Amino acid sequence: MTPADSPLLPVYAPPEQVFVRGEGCWLWDEKGDKYLDCIAGIAVNALGHAPPVLQKALNEQAAKLWHTSNMFKVKGQEELANKYVAASFADVVFFTNSGTEAIEGALKMARKYHSASGQPDRIDIIGFHGSFHGRSYAAINAAGNASYLDGFGPSLPGFLHAPFGDIEAVKALINPETFAAIIIEPVQGEGGVRSAPDGFLAALRALCDKHCALLIFDEVQCGASRTGKIWAHEWDSVKPDVMAVAKGVGGGFPLGAFMATHEAAKGMTKGAHGSTYGGNPLAMAVGNAAFDELSKPEFLERVRQISNHLGQSLEGLKDRHPNLVEDVRGKGLLRGLKLKIDPKEVQAKLRTRKVLVGSAGENVLRLAPPLIIDEAQISQMVDAIDAVFAAYMSEAGA
Ligand code: PLP
C-alpha cells in the first residue's frame, strides 16, 4: 500500500517489513525472515520480546481483571510504587501510559509546587538543546526543538533553553522571581545519545538548591537499568526532586510514571491531576514483574558487563573506520556512533543484513538493544556494521 492509499496518518515513513513475532533479541517478519533487534522498540523491550516472565504476569492478569480506572484502588499500584520508592530518591509515584504523560505530570508538578508555596509567578522551566521529552504541547515546548514546534501555534510561555552541558548559559537564563525548574535527560536519547558531561548534573542540583527550584530528570529512555544502574543518574550520585520514567519499565506494555519527593509533590493534592488508564491492572501486573527482573543485582551486573563489551566493540569499529566514525557516545546499552555519513542510510543497509538499529540527532547511529543481549549477538551486530562500513570505503575507492 502506498502512503496515499493508507488510512494511517502519514506522520511516519516505516520500512516495508512487518514484524509478526518476537523472542528474546530476535524478530520475524511476515515472510519468515529473522532479524537481530538492536533497537528494542526504541529502548522499550528491556527484557527482550515476549519474555516468559512478563507473558505469565500479563496472561494471569488478563484472565482476571483488565480495568476499573483510578476511581477505585488498583491492585498492584502501591506494590509497584513501593518498589520505585525503595529504589530511588522518591516518596510518591503517579502511573501513566507513556513517557509523554509522565513528562506532562512532572512539569505540572513543578509549577504547582511554586504555586502551593505562594509563588505562582515561578513558571520558568529550563530545558536543553537537543533534548526530547515527547510530543504533547508541554513536552515539545520543554524540549524546544523548532521542527517539532513548527505550525502548532505560539510557543507556550515559561520554557527556556540552554546548550547541553553549559552551566553558565543556564545561570544566564535564571530570573529568581520566575525560575521554577530544570528538566534534563541524564543521557540524551533522540538528541544524539549524549551523556551529560561530568559534574553537570551536580552543578544543576546546586543551582536548583540555591534558588529553591526543582530538578527534573527525564529517564524515559535512559532509565530502567539501561545504563547498568536502575536509574542513569545514579552514576553521578545526584538526586532529582522529580523524575519521569517509561519505556523499559513496562518491558513493552505501555507504562510510565512520574515520581517525586514529598516536598516537590506538595501541590499535587486531590483533583490536581488524573488519568483513566494510568496504572491499570494489566500495566501493574507487567510493571511489577518487569521491575523485579530489572532491579536484581545480578541482572544489573550483567548489563554492566555486556555494556563494557559493547563499548569496546564500538571503539574497535571507530579505530577500524576513522574516516566514517567520529565518536562513540552514550552509556550502558544506550549507545551511539557519531558518523561522518548519513546514519539513516547505514540503518537501511543494516536492515538488508537483518540487523535493526536506530538513528538519532547529530548524525548518530543509535543502539538500544534488549538488556538481555549476549556477546554472540553483539558480535553479529558489530560484524554487520563493519561490513556496511567496509562497503562504503570500497565504494569510495579508499
Ligand atoms: N522522554 C524521552 C527522553 C524520550 O526518549 C521519549 C520517547 O522517545 C519521551 C520522553 C516520550 O515518551 P513516549 O513516546 O512514551 O510518550
Side-chain angles (χ1 to χ4, degrees), residues 9 11-12 14 39-46 94-110 125-145 147-149 152 159 161 164 181-196 201 204 215-227 230-233 240 242-259 275 277-280 283 286-287 290 329-336 357-362 364 366-369 371:
L9 193 71
V11 292
Y12 285 107
I39 190 62
I42 320 186
V44 167
N45 304 93
F94 182 94
F95 292 109
T96 67
N97 308 292
S98 68
T100 304
E101 289 165 87
I103 290 294
E104 190 80 16
L107 296 170
K108 284 175 73 178
M109 181 182 267
I125 293 170
I126 300 176
F128 293 93
H129 299 164
S131 57
F132 181 78
H133 301 299
R135 298 296 197 121
S136 68
Y137 273 120
I140 57 179
N141 279 274
N145 180 331
S147 69
Y148 293 157
L149 285 160
F152 294 118
F159 288 98
H161 304 94
F164 192 62
I182 293 174
I183 181 165
I184 184 165
E185 296 158 79
V187 184
Q188 282 192 340
E190 298 288 324
V193 194
R194 294 193 290 177
S195 295
L201 299 182
L204 296 178
L215 182 58
I216 306 171
F217 286 162
D218 177 348
E219 292 230 9
V220 168
Q221 188 157 159
C222 61
S225 306
R226 180 149 291 278
T227 66
I230 298 180
W231 315 117
H233 67 263
V242 185
M243 178 166 70
V245 304
K247 292 194 186 258
V249 294
F253 195 91
L255 169 64
F258 62 101
M259 54 189 96
S275 168
Y277 287 117
N280 94 350
V286 178
R329 291 173 159 197
K331 250 193 192 132
L333 290 178
L334 179 56
R335 295 290 178 129
V357 301
S359 62
E362 298 202 324
V364 167
R366 181 169 22 169
L367 308 170
L371 306 184

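Counting convention: from 1, in listed order, for ligands and their atoms alike. Remember, predicted model here, so these are calculated numbers, not experimental data.
Taking distance alone, with nitrogen or oxygen atoms compared against 3.5 Å, G99 approaches ligand 1 more closely than that limit.
Residue P240 comes nearest to L215 through the heavy atom pair CB-O, 3.4 Å, listed as atom of the first residue, atom of the second, then distance. Across all non-hydrogen atoms, the minimal contact from I140 to R135 is CG2-CA, 3.8 Å.
Under a cut-off of 6.0 angstrom, the local environment of OH in Y277 is sparse, with at most 12 non-hydrogen atoms contributed by other residues, nucleotides or ligands.
Put simply, the side chain of M259 reaches to within 4.5 Å of the side chain of V245, judged on heavy atoms.
Listed by chain and residue number, nothing satisfies the side-chain hydrogen bond (donor to acceptor under 3.5 Å, both in side chains) test with R335 (two or more places apart in sequence, or in another chain).
Those atoms of ligand 1 that come under 4.0 Å of a heavy atom in K247, given as number and element, are 5 (O), 6 (C), 7 (C), 8 (O). Within the listing of ligand 1, atoms 1 (N), 2 (C), 3 (C), 10 (C) sit less than 4.0 angstrom from a heavy atom of D218. Counting atoms of ligand 1 from 1 in the listed order, those under 4.0 Å from a heavy atom of E185 are 3 (C). The G134 neighbourhood of ligand 1 comprises atoms 9 (C), 10 (C), 11 (C), with distances under 4.0 Å to a heavy atom of that residue. Shown in contact with V220 at under 4.0 Å from a heavy atom are these atoms of ligand 1, numbered in order with element: 1 (N), 2 (C), 4 (C), 6 (C), 9 (C), 10 (C), 12 (O). Interface atoms of ligand 1 facing S98, defined by a heavy-atom separation under 4.0 Å, are 15 (O), 16 (O).
For atom 5 (O) of ligand 1, the closest non-hydrogen atom of the protein is Q221 NE2, 2.7 Å. Remark: minimum distance from atom 16 (O) of ligand 1 to any protein heavy atom is reached at T100 OG1, 2.5 Å.
Ring centroid separation for the pair F95 and F258 does not come in under the 6.0 Å cut-off.
Below 30°, between 30° and 60°, or above 60°: for F164 and F128 the angle between ring planes is above 60°, a perpendicular geometry.
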